[in-house]
Number of protein chains: 2
Amino acid sequence: MGLTKTEIFSEQQNQIAVFAKAFAHPARVAILQHLFKMDTCVCGDLVIEIGLAQPTISQHLKELKQLGLIKGNIEGTSVCYCIDQENWNKMKGILNEFFNLDISAAGNCC
Amino acid sequence: MGLTKTEIFSEQQNQIAVFAKAFAHPARVAILQHLFKMDTCVCGDLVIEIGLAQPTISQHLKELKQLGLIKGNIEGTSVCYCIDQENWNKMKGILNEFFNLDISAAGNCC
DNA sequence: TCATTCTATCGTAATATTGCAATGATACAA
DNA sequence: TTGTATCATTGCAATATTACGATAGAATGA
């Protein structure tokens, strides 16, 4: 049905899934890496840097913005994008808690 | 078109996206958490534990297995699943490298 | 052998995602 | 005002994902 049954999972499980979805596309990974690489905010060159059409980039930026991982400030005719440090760290905390589950007990019987 | 243009991205970017997709669904998050929680391998009770139909769980398990994040050993009529420690740590390394990109330079102009 | 149990696969329906052309909207410059 | 540059939105087509009923396969026990 293509419809994820979010209601049967915990808030935490859904939140992990939502954040993970942000990185589940190489274009969004590339956008974020570029935002990190630049020592200033990135305006328009994302379209040139990544090889996708402008509406496609705009759509990916919108998703990242809705998740709160990036911020966008209007600067004249262009828009300045950068990482939202606070939310980025929050996301990192949530995902790291999941990644660092104790592995010692599991995995020793297969 | 629903077709990700993997060819225009780096190997690393695609790999991050592929791993992230594993966690981009709460059912798979729940499966992995359950595998971690158990101090022994998990066989059939994932269907009961999580509220999805058996074919659906089987499908999610297949995806996780294809990524190498879990292993499955046949034990009589049932199958024993557990985390693949080696690949799990490898995945953690790749994603952490991405998460821990230097944030100090970016994000100070918005 | 036959029924039971457990899991995988197939087929299908519905929703989600991706990508882009066309079009708007806004700010600035001439 | 008229263009130009930049980015957002809309609308659409194509592919991907999610979920499950039905069914098949494999091992076990009666």
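Chain A is the first sequence line, chain B the second, and so forth, proteins listed ahead of strands; every chain is numbered from 1.
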Can you measure [X] atom [atom1] to [N] atom [atom2] for me and round it to whole angstrom units?
X	N	atom1	atom2	value
B:L46	D:dA19	CG	C1'	17 Å
A:I48	D:dC7	CD1	C1'	13 Å
B:N14	C:dT18	CG	C1'	14 Å
A:R28	C:dA16	CZ	C1'	12 Å
A:D45	D:dT6	CG	P	11 Å
B:I74	D:dA26	CD1	P	10 Å
B:E63	C:dT7	CD	C1'	16 Å
B:I57	C:dT9	CD1	P	15 Å

Candidates [options] - which lies nearest the side chain of [X]:
X	options	answer
B:Q54	D:dC7, D:dA19, C:dT7	C:dT7
A:A53	D:dC20, C:dC20, D:dA19	C:dC20
A:H25	C:dA8, C:dG19, D:dA19	C:dG19
A:T77	C:dC20, C:dC28, D:dA27	C:dC28
B:T56	D:dA8, C:dT18, D:dC20	D:dC20
A:S58	D:dT6, C:dA8, D:dT9	D:dT9
B:T4	C:dT18, D:dC7, D:dT18	C:dT18
A:P55	D:dC20, C:dA22, C:dC6	C:dA22

Practice problem: Establish whether the base of C:dA8 is bridged to the side chain of B:Q59 by a donor-acceptor pair shorter than 3.5 Å. | Solution: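 Answer is no: no donor-acceptor pair is held.
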
Exercise. Look at B:Y81 and C:dA8 and indicate whether a side-chain polar atom (N or O) is within less than 4.0 Å of OP1 or OP2.
Key: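 For C:dA8, OP1/OP2 do have a side-chain N/O of B:Y81 under 4.0 Å.
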
Practice problem: Examine C:dG19: is either OP1 or OP2 under 4.0 Å from a nitrogen or oxygen in the side chain of A:H60? Give yes or no. | Solution: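 Indeed, a polar side-chain atom of A:H60 lies that close.
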
Quiz item: Which is it for B:K92 and A:N100 under the side chain to side chain donor-acceptor pair (under 3.5 Å) test, yes or no, and what are the steps along the way?
Solution: CA-CA 9 Å; B:K92 253 172 58 175; A:N100 293 321; 3.0 Å; yes

Practice problem: Using only heavy-atom distances, determine whether the side chains of B:K71 and B:N87 contain a donor-acceptor pair under 3.5 Å. | Solution: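 On atom types as modelled, these side chains do not qualify, holding no pair under 3.5 Å.
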
Self-check item: Contact nearer the 5' end of DNA chain D, comparing A:L61 with A:T6
Solution: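 Between the two, 5'-proximity favours A:L61.
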
Quiz item: Touch check for A:L52, heavy atoms < 4.0 angstrom, all strands: base, sugar-phosphate only, or nothing?
Solution: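 Sugar-phosphate only.
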
Quiz item: If you count the non-hydrogen atoms of other residues, nucleotides and ligands that lie under 6.0 Å from CD1 in A:I74, is the total more than 12?
Solution: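 Incorrect, the count does not exceed 12.
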
Exercise. Dump the intermediate steps for side chain to side chain contact (heavy atoms under 4.5 Å, CB included) on B:F99 and A:F23, then the final yes or no.
Key: CA-CA 10 Å; B:F99 288 151; A:F23 313 118; 3.5 Å; yes

Quiz item: Which sits closer to the 5' end of DNA chain C, B:K62 or A:K21, going by the nucleotide each is nearest to?
Solution: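 The residue closer to the strand's 5' end, by nearest nucleotide, is B:K62.
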
Quiz item: Got a second to check how far B:T4's OG1 is from B:K21's NZ, nearest 0.5 Å?
Solution: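 With rounding to 0.5 Å, OG1 (B:T4) is 5.0 Å from NZ (B:K21).
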
Quiz item: Looking at CD of B:Q13 and CZ of A:R28, how far apart are the two atoms once the value is rounded to the nearest 0.5 Å?
Solution: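 B:Q13 atom CD to A:R28 atom CZ measures 13.0 Å (nearest 0.5 Å).
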
